[in-house]
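Keep in mind that this is a model prediction, so the values were computed, not measured. Naming: A, B, ... by sequence-line order, numbering from 1 per chain.
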Number of protein chains: 2
Amino acid sequence: MKSLDRKTEIITIAAKLFKEKGYSAVTMRDIAQAMDIKAASLYNHIKSKQEILVLIIIEIAEEFTKVMNEIMLSDETCIQKIEKVIQLHVDITVRDSDALASLNADWMHLADAELAYFIKMREEYEENFRKIIMKGIADGELKKLNPEVIIFSIHTTLRTLYLWYGKKKSLNASVLKSNMTQVLLHGIV
Amino acid sequence: MKSLDRKTEIITIAAKLFKEKGYSAVTMRDIAQAMDIKAASLYNHIKSKQEILVLIIIEIAEEFTKVMNEIMLSDETCIQKIEKVIQLHVDITVRDSDALASLNADWMHLADAELAYFIKMREEYEENFRKIIMKGIADGELKKLNPEVIIFSIHTTLRTLYLWYGKKKSLNASVLKSNMTQVLLHGIV
DNA sequence: AATTTTAACTAACATCTGTTAGTTTGTAGT
DNA sequence: ACTACAAACTAACAGATGTTAGTTAAAATT
């Protein structure tokens, strides 16, 4: 198996650095130094700096897409679906908050095909989320508030969880999920 | 008056570019090109790229600090205070969403004294916000939910309003404020 | 033992970046 | 007309940046 572990290591370390300073401010020399090697050595494992960003972002984006599609196909109530979306965000935040930071802050530095692919996935994800909320309101499961404001409020809170997680070590994934659900859902319903 | 208008113009255009690509990815040549001049000409008006960032961020941060301090001094109910905080965020978002983007995404590229100053202001702001929420819970004005989750949820929604404002042209400042208040406050109370 | 592969290295490149120095041009006040 | 100044310009720099080429030492495979 050709240097797969080392490649993963690069991606993990790069994600951490990208989270701290952003993609553009992190140099290949920064990444190399954090691994105690020289910048040129990185190219034994990865094709380019761009590729690192792609590998960080696209995998997570695809996971969001996949799980969201499964949620849409299920025949649960709107509220159950929202709970599963919260679960999805909490899970990924707990598992890989560094990658999530890049996805949120550095997606615009993707290029061409990958940028288009990412934007498409994001739009579909948001559209699915909108459908859930709209149906919830139509079915009387949710209050009749401005749907766009509800959508934005919930979505942005979930999206930026990674900024918050880590300071609050006392909360494990399941406690975090139930707290988020209480505030976001049962505050609204 | 020495080129004050031109300086403001640079800051405005730079903020717009920083919002799109982030501080590090925007070059002085990018800013100059957006103004149809050469990069060197920018230095007739500003001292450095750093100074542009400082001018964008610190002014807004000081405004948040100032208004928050006024809110803390007033003898209003917790809910009235939260409404004023929402008003503050909506006002600044509507007036200057580009600068707000830099404040949120590029504050870590401030240096030394300004970085320390910014972090101090942010910590005080968050501490004040926490006090409002805690008192609200203690006085029975707010539900007894996990305060940290409430604080994070409201604060992150207000903080990222700039990402959303602009797509929804139909909402003016006062409609936006009342909608946000409904969802964030009356959903929780 | 001989060979191949992995993963590090040094050296160098072309380009980009922030910034400075010195110059020119137009405009406003005398 | 003369002067002063604002604000643009050209040219250039020193250092940073992503990346490539070629080399080497150790580990894995034959």
**Prompt:** When you look at CD of Gln33(B), are more than 12 heavy atoms from neighbouring residues, nucleotides or ligands closer to it than 6.0 Å?
**Reply:** no
**Request:** Check the distance between dC9(C)'s P and Leu42(A)'s CG and give it to me in whole angstrom.
**Result:** 9 Å
**Request:** Could you tell me whether the phosphate oxygens of dT19(C), OP1 or OP2, come under 4.0 Å of any side-chain nitrogen or oxygen in Arg29(B)?
**Result:** no
**Request:** Classify the ring geometry between Phe118(A) and Trp107(A) as parallel (under 30°), tilted (30 to 60°) or perpendicular (over 60°).
**Result:** parallel
**Whole-Å distance separating the CD1 atom of Ile31(B) from the C1' atom of dT17(C)** = 12 Å
**Item:** Atom CD of Gln80(B) with >12 non-hydrogen neighbours under 6.0 angstrom
**Value:** yes
**Prompt:** So, is Lys49(B) close to the dG18(C) phosphate, meaning a side-chain N or O under 4.0 Å from OP1 or OP2?
**Reply:** yes
**Request:** Would you indicate which nucleotide in dA8(D), dC9(C), dA21(C) comes nearest to any side-chain atom of Ala40(B)?
**Result:** dA21(C)
**Item:** Residues, nucleotides or ligands: over 12 heavy atoms within 6.0 Å of Glu127(A) CD
**Value:** yes
**Prompt:** When the distance from CD of Gln33(A) to C1' of dA16(D) is rounded to whole Å, what number comes out?
**Reply:** 14 Å
**Request:** May I ask you to say whether Lys135(A) pairs ionically with Glu141(A), meaning some side-chain N is under 4.0 Å from a carboxylate O?
**Result:** no
**Asked** So, is Ser41(B) close to the dC9(D) phosphate, meaning a side-chain N or O under 4.0 Å from OP1 or OP2?
**Response** yes
**Fill in**
Whole-Å distance, His45(A) NE2 to dG18(D) C1', equals 17 Å
**Request:** Looking at every strand, decide which applies to Thr27(A) at a 4.0 Å heavy-atom threshold: base, sugar-phosphate, or nothing.
**Result:** sugar-phosphate
**Request:** Counting heavy atoms from C-beta on, name the nucleotide in dA8(C), dT19(C), dT20(D) closest to the side chain of Tyr43(A).
**Result:** dT20(D)
**Message:** Rounded to whole Å, how long is the line connecting atom CE of Met28(A) with atom P of dT19(D)?
**Reply:** 6 Å
**Request:** Report the distance from atom NZ of Lys47(B) to atom P of dG18(C), rounded to the nearest whole Å.
**Result:** 17 Å
**Prompt:** How long is the line joining CG of Asn44(B) and P of dG26(C), in whole Å?
**Reply:** 16 Å
**Prompt:** Between dA7(D) atom C1' and Asp36(B) atom CG, what is the distance in whole Å?
**Reply:** 15 Å
